[in-house]
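These notes concern the structure reproduced below.
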Amino acid sequence: MSKGFIPSPATPAVITANDLRQGHCVWMRDGDWTADPREAELFEDEAIAELALLDAIAQASVVV
């Protein structure tokens with residue numbers, strides 16, 4: 001996560017990306033991606049959010 005922002009129960013975060021195949025915005029949900037922002041996973045714990053972000057970075061062939 002950005003050093004300037006730490007997710008918490010008071011300020012949860014989501015992970016967003018762009019789908020390289022379709023060019024659409026997508027949101028992380030359970031290690032996968034959804035085009036529906038209402039289905040986005042809310043991260044309230046910094047450590048869990050950091051692991052999810054690393055998972056997203058590992059999917060660089062699918063999303064950016």
Side-chain angles (χ1 to χ4, degrees):
M1 305 281 9
S2 167
K3 296 299 178 194
F5 178 76
I6 298 172
S8 71
T11 57
V14 296
I15 296 177
T16 65
N18 289 320
D19 184 317
L20 292 173
R21 293 168 286 196
Q22 297 180 10
H24 298 147
C25 293
V26 291
W27 290 261
M28 184 168 263
R29 177 188 66 193
D30 298 326
D32 201 7
W33 301 98
T34 179
D36 187 347
R38 295 171 296 180
E39 296 177 0
E41 183 173 353
L42 289 176
F43 296 97
E44 298 177 343
D45 181 273
E46 180 181 10
I48 293 171
E50 189 70 37
L51 291 173
L53 186 57
L54 290 173
D55 185 33
I57 291 169
Q59 298 180 43
S61 63
V62 178
V63 295
V64 291

Which pair of non-hydrogen atoms, one from [X] and one from [Y], has the smallest distance, and what is that distance?
{"X": "Asn18", "Y": "Cys25", "value": "OD1-SG, 3.6 Å"}
{"X": "Glu44", "Y": "Pro12", "value": "CG-CB, 3.9 Å"}
{"X": "Asp36", "Y": "Trp27", "value": "C-CE3, 4.3 Å"}
{"X": "Ala35", "Y": "Pro37", "value": "O-CD, 3.4 Å"}
{"X": "Val14", "Y": "Ala40", "value": "CG1-CB, 3.9 Å"}

For the side chain of Asp19 and the backbone of Arg21, is there at least one donor-acceptor N/O pair under 3.5 Å apart?
yes
Keeping the roles fixed (side chain from Glu41, backbone from Met28), state whether a donor-acceptor pair exists under 3.5 Å.
no
Assigning hydrophobic clusters by single linkage (Ile, Leu, Val, Met, Phe, Trp, Tyr; side-chain heavy-atom cutoff under 4.5 Å), is Ile15 placed with Val62?
yes
Please say yes or no: joined through hydrophobic side-chain contacts below 4.5 Å, possibly via intermediate residues, are Leu20 and Trp33 part of one cluster?
no
When rounded to the nearest 0.5 angstrom, what is the spacing between CD in Glu50 and CZ in Phe43?
11.0 Å
What's the separation between atom CG in Leu51 and atom CG in Leu53, rounded to the nearest 0.5 Å?
9.5 Å
Any side-chain heavy atom of Pro7 within less than 4.5 Å of one from Asp45?
no
